[in-house]
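Residue numbers begin at 1 in each chain, while the letters A, B, ... track the order of the sequences. Just the heavy atoms: all of them, side chains too, but no hydrogens, waters or symmetry mates, feed the values below.
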Amino acid sequence: MSFNFTLLKTCGAARAGVFSTPHGDIPTPAFMPVGTQATVKTLSPAQLAGTGATMVLANTYHLHLHPGEDIVAQCGGLHQFMQWPGPLLTDSGGYQVFSLDQLRTLDDDGVTFRAPNGDPIRFTPEEATRIQNALGADVIMCFDECPPAKSSYEAVQTAIRRTTAWATRCQAYHQRSDQALFAIVQGGIYPDLREQSARELIALDFPGYAIGGVSVGEGADLIRQVVATTTPFLPVEKPRYLMGIGTYRELAQSVARGIDLFDCVLPTRLARHGAALVNGGERWNLKNAQFRRDYTPLDATCPCYTCQTFTRAYLCHLIRTQEVLGLTLLALHNVTELVRFVQSLRQAILDDRLLSAFPQYFEQMDS
RNA sequence: GGGUCGGUGCCCGAGUGGUUAAUGGGGGCGGACUGUAAAUCCGCUGGCUCUGCCUACGUUGGUUCAAAUCCAACCCGACCCA
(Lines give C-alpha, C1' and ligand atoms only; values in the text may rest on other atoms or scores of the structure.)
Protein backbone atom coordinates (compact mmCIF):
# COMPACT_ATOMS: atom_id res chain seq x y z
CA MET A 1 0.00 0.00 0.00
CA SER A 2 1.36 3.39 -1.01
CA PHE A 3 -0.40 5.29 1.74
CA ASN A 4 -0.07 4.96 5.43
CA PHE A 5 -0.99 7.15 8.35
CA THR A 6 0.83 6.48 11.59
CA LEU A 7 0.02 8.23 14.84
CA LEU A 8 3.12 8.78 16.93
CA LYS A 9 1.68 10.62 19.86
CA THR A 10 -1.50 12.24 21.06
CA CYS A 11 -1.96 15.13 23.43
CA GLY A 12 -5.61 15.47 24.30
CA ALA A 13 -7.39 15.39 20.95
CA ALA A 14 -4.24 16.63 19.20
CA ARG A 15 -2.13 14.14 17.32
CA ALA A 16 1.37 14.00 15.85
CA GLY A 17 1.90 11.48 13.11
CA VAL A 18 3.33 10.71 9.72
CA PHE A 19 1.32 10.51 6.54
CA SER A 20 3.18 8.48 3.93
CA THR A 21 2.53 8.98 0.21
CA PRO A 22 4.18 7.67 -2.96
CA HIS A 23 6.20 10.89 -3.11
CA GLY A 24 7.30 11.04 0.48
CA ASP A 25 6.31 11.32 4.10
CA ILE A 26 4.50 14.24 5.66
CA PRO A 27 5.08 14.76 9.37
CA THR A 28 1.71 15.87 10.71
CA PRO A 29 0.26 18.26 11.66
CA ALA A 30 1.50 20.04 8.54
CA PHE A 31 0.78 23.23 6.65
CA MET A 32 0.52 22.99 2.86
CA PRO A 33 1.24 26.09 0.80
CA VAL A 34 -1.16 26.64 -2.08
CA GLY A 35 0.07 26.40 -5.65
CA THR A 36 -3.18 26.77 -7.53
CA GLN A 37 -1.68 26.97 -11.01
CA ALA A 38 1.01 24.37 -10.36
CA THR A 39 3.21 26.99 -8.75
CA VAL A 40 3.31 28.51 -5.32
CA LYS A 41 3.19 32.04 -6.63
CA THR A 42 6.60 33.75 -6.84
CA LEU A 43 8.52 30.76 -5.40
CA SER A 44 10.67 28.31 -7.31
CA PRO A 45 10.53 24.66 -6.21
CA ALA A 46 13.96 25.05 -4.62
CA GLN A 47 12.81 28.09 -2.67
CA LEU A 48 9.64 26.28 -1.70
CA ALA A 49 11.62 23.32 -0.43
CA GLY A 50 13.66 25.77 1.60
CA THR A 51 10.57 26.81 3.52
CA GLY A 52 10.30 23.30 4.95
CA ALA A 53 7.01 22.62 3.18
CA THR A 54 6.45 18.94 2.52
CA MET A 55 3.15 18.79 0.66
CA VAL A 56 1.76 21.33 -1.78
CA LEU A 57 -1.76 21.91 -3.04
CA ALA A 58 -2.78 22.57 -6.63
CA ASN A 59 -6.16 23.14 -8.21
CA THR A 60 -8.09 20.91 -10.58
CA TYR A 61 -10.29 23.64 -12.02
CA HIS A 62 -7.44 26.01 -12.81
CA LEU A 63 -5.20 23.32 -14.28
CA HIS A 64 -8.07 21.98 -16.35
CA LEU A 65 -8.43 25.45 -17.89
CA HIS A 66 -4.69 26.03 -18.22
CA PRO A 67 -2.81 24.18 -19.50
CA GLY A 68 -5.24 21.26 -19.49
CA GLU A 69 -4.68 17.93 -17.77
CA ASP A 70 -3.58 16.31 -21.04
CA ILE A 71 -0.54 18.55 -21.23
CA VAL A 72 0.31 17.91 -17.59
CA ALA A 73 -0.02 14.17 -18.23
CA GLN A 74 2.17 14.45 -21.33
CA CYS A 75 4.85 15.98 -19.14
CA GLY A 76 4.73 12.94 -16.92
CA GLY A 77 2.18 14.15 -14.39
CA LEU A 78 1.93 17.08 -12.05
CA HIS A 79 5.11 16.28 -10.08
CA GLN A 80 7.20 16.28 -13.24
CA PHE A 81 5.34 19.19 -14.77
CA MET A 82 5.96 21.59 -11.89
CA GLN A 83 9.15 19.88 -10.74
CA TRP A 84 7.96 19.35 -7.20
CA PRO A 85 9.30 15.99 -6.11
CA GLY A 86 7.37 15.85 -2.85
CA PRO A 87 3.77 15.02 -2.08
CA LEU A 88 1.05 16.90 -3.93
CA LEU A 89 -2.68 17.31 -3.37
CA THR A 90 -5.21 18.62 -5.84
CA ASP A 91 -8.35 20.33 -4.73
CA SER A 92 -11.32 19.20 -6.76
CA GLY A 93 -12.81 22.50 -7.86
CA GLY A 94 -15.43 22.33 -5.12
CA TYR A 95 -14.18 25.59 -3.65
CA GLN A 96 -14.78 27.27 -7.00
CA VAL A 97 -18.46 26.38 -6.54
CA PHE A 98 -18.23 28.91 -3.70
CA SER A 99 -15.70 31.43 -4.98
CA LEU A 100 -17.14 31.63 -8.50
CA ASP A 101 -20.75 31.64 -7.37
CA GLN A 102 -21.67 34.41 -9.80
CA LEU A 103 -20.14 32.43 -12.65
CA ARG A 104 -21.67 29.02 -12.29
CA THR A 105 -24.93 27.12 -12.19
CA LEU A 106 -25.44 24.19 -9.88
CA ASP A 107 -27.60 21.08 -10.22
CA ASP A 108 -27.73 17.63 -8.69
CA ASP A 109 -25.50 16.18 -11.38
CA GLY A 110 -22.74 18.82 -11.24
CA VAL A 111 -21.73 22.40 -11.89
CA THR A 112 -21.35 24.46 -15.02
CA PHE A 113 -18.79 27.24 -14.67
CA ARG A 114 -18.29 30.10 -17.05
CA ALA A 115 -14.61 30.33 -17.84
CA PRO A 116 -12.88 33.71 -18.23
CA ASN A 117 -13.17 33.38 -22.02
CA GLY A 118 -16.90 32.70 -21.72
CA ASP A 119 -16.72 28.97 -22.35
CA PRO A 120 -19.01 26.77 -20.26
CA ILE A 121 -16.95 24.34 -18.18
CA ARG A 122 -18.89 21.35 -16.91
CA PHE A 123 -17.69 19.71 -13.71
CA THR A 124 -19.30 16.52 -12.48
CA PRO A 125 -17.89 14.22 -9.80
CA GLU A 126 -16.69 11.91 -12.59
CA GLU A 127 -15.07 14.77 -14.53
CA ALA A 128 -13.32 16.18 -11.46
CA THR A 129 -12.03 12.72 -10.65
CA ARG A 130 -10.96 12.02 -14.21
CA ILE A 131 -9.00 15.28 -14.33
CA GLN A 132 -7.37 14.58 -10.99
CA ASN A 133 -6.45 11.07 -12.10
CA ALA A 134 -4.81 12.60 -15.15
CA LEU A 135 -2.97 15.24 -13.10
CA GLY A 136 -1.61 12.58 -10.78
CA ALA A 137 -1.35 14.24 -7.36
CA ASP A 138 -0.82 11.93 -4.39
CA VAL A 139 -4.01 13.02 -2.69
CA ILE A 140 -7.09 14.02 -4.64
CA MET A 141 -10.32 15.45 -3.31
CA CYS A 142 -13.94 14.57 -3.88
CA PHE A 143 -15.91 17.13 -5.82
CA ASP A 144 -18.12 18.81 -3.24
CA GLU A 145 -20.62 21.60 -2.94
CA CYS A 146 -19.16 24.32 -0.77
CA PRO A 147 -22.01 26.61 0.31
CA PRO A 148 -21.39 30.15 1.55
CA ALA A 149 -21.45 30.87 5.28
CA LYS A 150 -24.78 32.62 5.20
CA SER A 151 -26.61 29.65 3.62
CA SER A 152 -29.90 28.58 5.14
CA TYR A 153 -30.31 25.23 6.86
CA GLU A 154 -32.25 23.98 3.86
CA ALA A 155 -29.55 25.08 1.42
CA VAL A 156 -26.88 23.33 3.47
CA GLN A 157 -29.04 20.20 3.65
CA THR A 158 -29.07 20.18 -0.13
CA ALA A 159 -25.32 20.73 -0.18
CA ILE A 160 -24.53 17.78 2.06
CA ARG A 161 -26.95 15.55 0.15
CA ARG A 162 -25.12 16.42 -3.07
CA THR A 163 -21.72 16.19 -1.42
CA THR A 164 -22.41 12.64 -0.25
CA ALA A 165 -23.89 11.61 -3.59
CA TRP A 166 -20.98 13.15 -5.42
CA ALA A 167 -18.45 11.51 -3.08
CA THR A 168 -20.02 8.15 -3.91
CA ARG A 169 -19.63 8.87 -7.61
CA CYS A 170 -16.04 10.12 -7.22
CA GLN A 171 -15.18 6.95 -5.33
CA ALA A 172 -16.78 4.74 -7.97
CA TYR A 173 -14.96 6.55 -10.79
CA HIS A 174 -11.55 6.78 -9.15
CA GLN A 175 -9.17 4.10 -10.41
CA ARG A 176 -5.58 4.88 -9.44
CA SER A 177 -4.34 3.13 -6.34
CA ASP A 178 -1.34 5.46 -6.19
CA GLN A 179 -3.69 8.34 -5.43
CA ALA A 180 -5.66 8.63 -2.20
CA LEU A 181 -9.16 10.08 -2.60
CA PHE A 182 -10.25 12.14 0.41
CA ALA A 183 -13.85 13.02 1.18
CA ILE A 184 -14.97 16.47 2.29
CA VAL A 185 -17.41 16.99 5.14
CA GLN A 186 -19.84 19.85 4.64
CA GLY A 187 -22.70 21.03 6.83
CA GLY A 188 -22.13 24.75 7.14
CA ILE A 189 -22.49 26.13 10.64
CA TYR A 190 -25.13 23.55 11.64
CA PRO A 191 -23.69 20.92 14.01
CA ASP A 192 -26.32 18.28 13.21
CA LEU A 193 -25.67 18.62 9.50
CA ARG A 194 -21.91 18.41 10.09
CA GLU A 195 -22.51 15.18 11.99
CA GLN A 196 -24.81 13.80 9.31
CA SER A 197 -22.36 14.67 6.54
CA ALA A 198 -19.48 13.09 8.43
CA ARG A 199 -21.42 9.90 9.17
CA GLU A 200 -22.54 9.47 5.57
CA LEU A 201 -19.03 9.94 4.22
CA ILE A 202 -17.41 7.74 6.85
CA ALA A 203 -19.79 4.95 5.89
CA LEU A 204 -18.21 5.10 2.42
CA ASP A 205 -14.78 4.46 3.93
CA PHE A 206 -12.35 6.99 2.46
CA PRO A 207 -8.62 6.97 3.28
CA GLY A 208 -8.82 10.51 4.64
CA TYR A 209 -11.34 13.19 5.52
CA ALA A 210 -11.42 16.91 5.08
CA ILE A 211 -13.54 19.53 6.76
CA GLY A 212 -14.67 21.85 4.00
CA GLY A 213 -16.98 24.77 3.89
CA VAL A 214 -15.03 26.88 6.37
CA SER A 215 -13.28 30.16 5.61
CA VAL A 216 -16.25 31.07 3.44
CA GLY A 217 -17.16 34.23 5.35
CA GLU A 218 -18.28 32.89 8.70
CA GLY A 219 -15.64 34.35 11.01
CA ALA A 220 -13.23 32.85 13.49
CA ASP A 221 -15.75 31.93 16.18
CA LEU A 222 -17.84 29.82 13.85
CA ILE A 223 -14.77 28.18 12.33
CA ARG A 224 -13.73 27.13 15.82
CA GLN A 225 -17.22 25.83 16.51
CA VAL A 226 -17.41 23.86 13.25
CA VAL A 227 -14.05 22.23 13.87
CA ALA A 228 -15.00 21.42 17.45
CA THR A 229 -18.30 19.84 16.48
CA THR A 230 -17.01 17.93 13.45
CA THR A 231 -13.71 16.39 14.51
CA PRO A 232 -15.25 14.05 17.11
CA PHE A 233 -17.02 12.21 14.30
CA LEU A 234 -13.93 11.68 12.16
CA PRO A 235 -12.06 8.36 12.32
CA VAL A 236 -9.06 8.53 14.60
CA GLU A 237 -6.87 6.36 12.41
CA LYS A 238 -7.16 8.46 9.23
CA PRO A 239 -5.71 11.83 8.31
CA ARG A 240 -7.91 14.87 8.82
CA TYR A 241 -7.54 17.93 6.69
CA LEU A 242 -9.04 21.33 7.50
CA MET A 243 -9.35 23.12 4.22
CA GLY A 244 -8.48 26.77 3.73
CA ILE A 245 -7.34 27.64 7.24
CA GLY A 246 -4.15 29.53 7.96
CA THR A 247 -4.24 31.98 10.84
CA TYR A 248 -2.12 31.18 13.88
CA ARG A 249 -4.96 30.93 16.34
CA GLU A 250 -7.12 28.79 14.06
CA LEU A 251 -4.17 26.54 13.24
CA ALA A 252 -3.29 26.06 16.89
CA GLN A 253 -6.84 25.49 18.03
CA SER A 254 -7.57 23.13 15.17
CA VAL A 255 -4.44 21.12 15.87
CA ALA A 256 -5.67 20.85 19.44
CA ARG A 257 -8.94 19.45 18.05
CA GLY A 258 -7.06 16.79 16.11
CA ILE A 259 -6.53 18.22 12.64
CA ASP A 260 -3.51 16.90 10.72
CA LEU A 261 -3.36 18.91 7.50
CA PHE A 262 -3.98 22.53 6.56
CA ASP A 263 -3.73 24.67 3.50
CA CYS A 264 -4.20 28.38 3.03
CA VAL A 265 -3.48 31.05 0.43
CA LEU A 266 -2.91 33.61 3.14
CA PRO A 267 0.91 33.53 3.38
CA THR A 268 1.40 33.88 -0.36
CA ARG A 269 -1.43 36.32 -0.93
CA LEU A 270 -0.34 38.55 1.95
CA ALA A 271 3.16 38.50 0.52
CA ARG A 272 1.96 39.65 -2.88
CA HIS A 273 0.04 42.40 -1.14
CA GLY A 274 3.17 43.52 0.67
CA ALA A 275 2.46 42.08 4.11
CA ALA A 276 4.60 39.90 6.35
CA LEU A 277 3.41 37.47 9.00
CA VAL A 278 5.36 38.04 12.19
CA ASN A 279 5.34 37.56 15.94
CA GLY A 280 2.91 34.69 15.94
CA GLY A 281 0.06 36.37 14.21
CA GLU A 282 0.74 40.01 13.45
CA ARG A 283 0.52 41.22 9.89
CA TRP A 284 2.90 43.99 8.96
CA ASN A 285 2.38 46.02 5.83
CA LEU A 286 5.99 46.43 4.72
CA LYS A 287 4.98 49.34 2.51
CA ASN A 288 4.24 51.46 5.58
CA ALA A 289 6.45 54.49 6.09
CA GLN A 290 7.65 53.18 9.45
CA PHE A 291 9.82 50.60 7.65
CA ARG A 292 11.53 52.97 5.26
CA ARG A 293 14.49 53.47 7.56
CA ASP A 294 14.24 50.28 9.57
CA TYR A 295 17.62 48.59 9.21
CA THR A 296 16.81 45.48 11.23
CA PRO A 297 15.87 42.06 9.86
CA LEU A 298 12.18 41.30 9.40
CA ASP A 299 12.37 38.68 12.15
CA ALA A 300 15.78 38.09 13.68
CA THR A 301 14.71 34.68 14.97
CA CYS A 302 13.50 33.41 11.58
CA PRO A 303 15.90 31.15 9.67
CA CYS A 304 14.52 32.00 6.23
CA TYR A 305 16.75 33.54 3.56
CA THR A 306 14.81 36.80 3.68
CA CYS A 307 15.27 37.33 7.39
CA GLN A 308 18.85 36.10 7.38
CA THR A 309 19.88 38.41 4.55
CA PHE A 310 17.90 41.60 4.21
CA THR A 311 16.71 44.61 6.18
CA ARG A 312 13.13 45.78 6.54
CA ALA A 313 14.25 48.94 4.74
CA TYR A 314 15.20 46.89 1.71
CA LEU A 315 11.94 44.93 1.72
CA CYS A 316 10.04 48.21 2.08
CA HIS A 317 11.94 49.60 -0.89
CA LEU A 318 11.21 46.55 -3.05
CA ILE A 319 7.51 46.65 -2.24
CA ARG A 320 7.23 50.39 -2.85
CA THR A 321 9.00 50.16 -6.17
CA GLN A 322 6.98 47.09 -7.12
CA GLU A 323 10.05 44.98 -7.68
CA VAL A 324 9.08 41.33 -8.06
CA LEU A 325 11.82 40.18 -5.74
CA GLY A 326 9.92 41.82 -2.89
CA LEU A 327 7.01 39.48 -3.43
CA THR A 328 9.27 36.47 -3.53
CA LEU A 329 11.14 37.43 -0.38
CA LEU A 330 7.92 38.03 1.55
CA ALA A 331 6.38 34.79 0.27
CA LEU A 332 9.52 32.96 1.28
CA HIS A 333 9.24 34.34 4.78
CA ASN A 334 5.48 33.94 5.18
CA VAL A 335 5.41 30.35 3.99
CA THR A 336 8.42 29.50 6.15
CA GLU A 337 6.68 31.15 9.06
CA LEU A 338 3.47 29.12 8.83
CA VAL A 339 5.20 25.85 7.99
CA ARG A 340 7.45 26.30 10.99
CA PHE A 341 4.59 27.32 13.22
CA VAL A 342 2.70 24.12 12.53
CA GLN A 343 5.94 22.16 12.93
CA SER A 344 6.34 23.74 16.34
CA LEU A 345 2.79 22.71 17.24
CA ARG A 346 3.76 19.17 16.22
CA GLN A 347 6.85 19.24 18.38
CA ALA A 348 4.78 20.45 21.31
CA ILE A 349 2.47 17.48 20.88
CA LEU A 350 5.45 15.13 20.83
CA ASP A 351 6.66 16.84 23.99
CA ASP A 352 3.18 16.52 25.50
CA ARG A 353 2.89 20.23 26.22
CA LEU A 354 0.74 21.66 23.44
CA LEU A 355 -1.54 23.83 25.58
CA SER A 356 1.19 25.06 27.88
CA ALA A 357 3.58 25.84 25.03
CA PHE A 358 1.11 28.10 23.22
CA PRO A 359 -1.21 29.51 25.90
CA GLN A 360 -1.89 32.66 23.89
CA TYR A 361 -3.85 30.70 21.30
CA PHE A 362 -6.00 28.66 23.64
CA GLU A 363 -7.43 31.19 26.05
CA GLN A 364 -10.83 31.37 24.35
CA MET A 365 -11.09 27.71 23.52
CA ASP A 366 -13.95 25.85 25.17
CA SER A 367 -13.54 22.18 25.80
C1' G B 1 10.18 92.35 -32.82
C1' G B 2 5.52 89.60 -34.94
C1' G B 3 2.34 85.23 -34.58
C1' U B 4 0.21 80.67 -32.50
C1' C B 5 -0.80 77.55 -28.53
C1' G B 6 -0.48 77.06 -23.43
C1' G B 7 0.09 78.17 -17.81
C1' U B 8 -5.32 74.00 -12.79
C1' G B 9 -4.23 71.23 -6.19
C1' C B 10 2.78 67.28 -4.52
C1' C B 11 3.08 65.61 -10.18
C1' C B 12 0.44 64.65 -14.80
C1' G B 13 -4.11 66.08 -16.52
C1' A B 14 -10.03 67.03 -17.07
C1' G B 15 -13.21 71.03 -16.69
C1' U B 16 -14.49 76.56 -20.62
C1' G B 17 -20.03 81.41 -16.57
C1' G B 18 -23.70 78.68 -11.44
C1' U B 19 -24.68 71.70 -6.38
C1' U B 20 -16.55 73.38 -8.19
C1' A B 21 -12.29 72.55 -2.66
C1' A B 22 -12.71 71.59 -8.33
C1' U B 23 -13.54 64.49 -12.78
C1' G B 24 -9.37 60.98 -13.75
C1' G B 25 -4.57 59.00 -13.13
C1' G B 26 0.19 58.99 -10.48
C1' G B 27 2.49 59.83 -5.91
C1' G B 28 1.72 59.96 -0.58
C1' C B 29 -0.82 57.96 4.06
C1' G B 30 -3.63 53.95 5.99
C1' G B 31 -6.83 49.49 5.83
C1' A B 32 -8.66 44.61 4.14
C1' C B 33 -7.12 39.76 2.60
C1' U B 34 -8.39 32.18 5.22
C1' G B 35 -9.56 24.68 -0.11
C1' U B 36 -6.50 32.06 -5.07
C1' A B 37 -10.80 35.15 -11.56
C1' A B 38 -6.47 38.65 -5.77
C1' A B 39 1.52 41.45 -7.62
C1' U B 40 -5.82 42.53 -5.86
C1' C B 41 -9.48 45.47 -3.56
C1' C B 42 -11.13 49.70 -0.29
C1' G B 43 -10.63 54.46 2.25
C1' C B 44 -8.18 59.31 3.03
C1' U B 45 -5.05 63.05 0.63
C1' G B 46 -5.57 72.57 0.70
C1' G B 47 -5.99 75.14 5.74
C1' C B 48 -8.65 76.34 10.20
C1' U B 49 -11.01 78.27 16.21
C1' C B 50 -14.55 72.43 11.27
C1' U B 51 -22.55 71.09 11.11
C1' G B 52 -19.20 76.79 9.42
C1' C B 53 -15.28 79.85 7.62
C1' C B 54 -10.76 80.97 4.93
C1' U B 55 -7.38 80.30 0.88
C1' A B 56 -7.06 78.19 -4.05
C1' C B 57 -7.11 77.14 -11.12
C1' G B 58 0.22 82.29 -13.69
C1' U B 59 -0.33 87.97 -11.88
C1' U B 60 -3.28 92.33 -11.58
C1' G B 61 -7.59 94.70 -12.82
C1' G B 62 -12.51 94.42 -15.04
C1' U B 63 -17.62 92.43 -16.72
C1' U B 64 -21.53 89.70 -13.91
C1' C B 65 -26.30 88.37 -8.88
C1' A B 66 -22.34 84.56 -9.87
C1' A B 67 -15.65 83.60 -12.97
C1' A B 68 -10.75 78.21 -13.13
C1' U B 69 -14.29 79.31 -16.97
C1' C B 70 -15.77 85.97 -20.36
C1' C B 71 -12.60 90.81 -21.23
C1' A B 72 -7.83 93.73 -20.75
C1' A B 73 -2.88 94.34 -19.47
C1' C B 74 1.29 92.08 -17.70
C1' C B 75 4.63 87.73 -16.40
C1' C B 76 6.34 82.87 -17.83
C1' G B 77 6.83 78.44 -21.33
C1' A B 78 6.77 75.85 -26.16
C1' C B 79 6.74 76.27 -31.26
C1' C B 80 6.67 79.16 -35.91
C1' C B 81 8.03 83.68 -38.69
C1' A B 82 11.57 87.77 -38.98
Side-chain angles (χ1 to χ4, degrees), chain A residues 31-43 55-63 65-66 89-104 113-119 121 128 137 139-147 149 163 182-186 209-220 222-224 226-227 241-251 254 259 261-277 281 283-292 318-331 334 338:
Chain A
F31 178 80
M32 302 182 280
V34 177
T36 301
Q37 309 257 33
T39 169
V40 174
K41 295 182 192 296
T42 78
L43 297 181
M55 192 175 204
V56 176
L57 181 147
N59 188 288
T60 302
Y61 177 72
H62 297 257
L63 293 176
L65 289 180
H66 302 289
L89 178 151
T90 44
D91 186 23
S92 61
Y95 186 73
Q96 279 59 51
V97 175
F98 160 74
S99 67
L100 303 180
D101 69 325
Q102 300 300 310
L103 298 170
R104 53 73 172 165
F113 298 99
R114 194 168 77 242
N117 67 2
D119 288 350
I121 305 292
V139 173
I140 67 177
M141 302 303 295
C142 287
F143 189 54
D144 61 328
E145 181 186 341
C146 181
T163 294
F182 281 22
I184 304 174
V185 176
Q186 291 291 343
Y209 290 91
I211 298 175
V214 294
S215 69
V216 289
E218 69 278 53
L222 284 170
I223 291 173
R224 177 168 52 242
V226 166
V227 173
Y241 163 28
L242 179 61
M243 306 185 80
I245 289 306
T247 70
Y248 289 75
R249 182 177 298 277
E250 289 159 1
L251 291 168
S254 301
I259 299 293
L261 291 168
F262 301 90
D263 79 280
C264 194
V265 304
L266 213 45
T268 46
R269 179 177 293 172
L270 287 174
R272 275 175 289 120
H273 296 172
L277 288 167
R283 299 174 189 183
W284 288 358
N285 185 349
L286 264 296
K287 195 182 173 186
N288 283 179
Q290 69 179 106
F291 298 111
R292 254 170 36 86
L318 292 179
I319 297 301
R320 282 167 175 264
T321 53
Q322 299 178 62
E323 285 292 338
V324 291
L325 180 60
L327 311 185
T328 294
L329 293 179
L330 286 181
N334 287 352
L338 282 193

- Query: Closer to the 5' end of RNA chain B via nearest nucleotide, is it L327(A) or M141(A)?
  - Reply: M141(A)
- Task: Find which nucleotide of RNA chain B each of Q322(A) and Y61(A) is nearest to by heavy atoms, and output the residue with the more 5' nucleotide.
- Result: Q322(A)
For [N] and [X] - does any side-chain N or O of the residue sit under 4.0 Å from the phosphate oxygens OP1/OP2?
{"X": "S215(A)", "N": "U34(B)", "value": "no"}
{"X": "N59(A)", "N": "G35(B)", "value": "no"}
{"X": "T268(A)", "N": "U36(B)", "value": "no"}
{"X": "Q96(A)", "N": "G35(B)", "value": "no"}

Across all strands shown, which nucleotide pairs with [N] by Watson-Crick or G-U wobble geometry, both distances under 3.5 Å?
{"N": "G24(B)", "value": "C12(B)"}
{"N": "U60(B)", "value": "A72(B)"}
{"N": "C79(B)", "value": "G3(B)"}
{"N": "A67(B)", "value": "none"}

- Task: Verify whether one side chain among Y61(A) and D91(A) offers a donor that lies under 3.5 Å from an acceptor in the other.
- Result: no
- Item | Any residue meeting side-chain hydrogen bond (donor to acceptor under 3.5 Å, both in side chains) with T247(A), in chain and number order, not counting sequence neighbours | E250(A)
- Message: By nearest atom, which of the nucleotides C33(B), G35(B), A37(B) is closest to the L270(A) side chain?
- Response: C33(B)
- Query: Which listed nucleotide (U34(B), U36(B), C33(B)) is nearest to the side chain of T247(A)?
  - Reply: U34(B)
Distance in angstrom units between [X] [atom1] and [N] [atom2], rounded:
{"X": "I319(A)", "N": "G27(B)", "atom1": "CD1", "atom2": "P", "result": "14 Å"}
{"X": "L222(A)", "N": "U34(B)", "atom1": "CG", "atom2": "P", "result": "16 Å"}
{"X": "L277(A)", "N": "U34(B)", "atom1": "CG", "atom2": "C1'", "result": "11 Å"}
{"X": "L103(A)", "N": "U36(B)", "atom1": "CG", "atom2": "P", "result": "15 Å"}
{"X": "D91(A)", "N": "G35(B)", "atom1": "CG", "atom2": "C1'", "result": "4 Å"}
{"X": "F113(A)", "N": "A37(B)", "atom1": "CZ", "atom2": "P", "result": "10 Å"}
{"X": "L65(A)", "N": "A37(B)", "atom1": "CG", "atom2": "C1'", "result": "10 Å"}
{"X": "L100(A)", "N": "G35(B)", "atom1": "CG", "atom2": "P", "result": "13 Å"}

Within the 4.5 Å heavy-atom criterion, are [X] and [Y] side-chain neighbours or not?
{"X": "P33(A)", "Y": "T268(A)", "value": "no"}
{"X": "L277(A)", "Y": "L266(A)", "value": "no"}
{"X": "Y241(A)", "Y": "L89(A)", "value": "yes"}
{"X": "Y248(A)", "Y": "L338(A)", "value": "yes"}

Look at the side chain of [X] against the base of [N] and say whether a donor-acceptor pair falls under 3.5 Å; ignore hydrogens and angles.
{"X": "D144(A)", "N": "G35(B)", "answer": "yes"}
{"X": "E250(A)", "N": "U34(B)", "answer": "yes"}
{"X": "D263(A)", "N": "G35(B)", "answer": "no"}

Review item, nucleotides 28-32 of chain B N/O atoms under 3.5 Å of protein N/O:
| residue | atom | partner | partner atom | Å |
| --- | --- | --- | --- | --- |
| C29(B) | OP1 | R320(A) | NH2 | 3.0 |
| C29(B) | OP2 | R320(A) | NH1 | 3.1 |
| C29(B) | OP2 | R320(A) | NH2 | 3.2 |
| G30(B) | OP2 | A289(A) | N | 3.2 |
| G31(B) | OP2 | N288(A) | OD1 | 3.0 |

- Does K287(A) offer a backbone N or O that forms a donor-acceptor pair with the side chain of N285(A) under 3.5 Å? yes
- Contacts of type side-chain contact (heavy atoms from CB on, under 4.5 Å), residue R269(A), not counting sequence neighbours: V265(A), R272(A), H273(A)
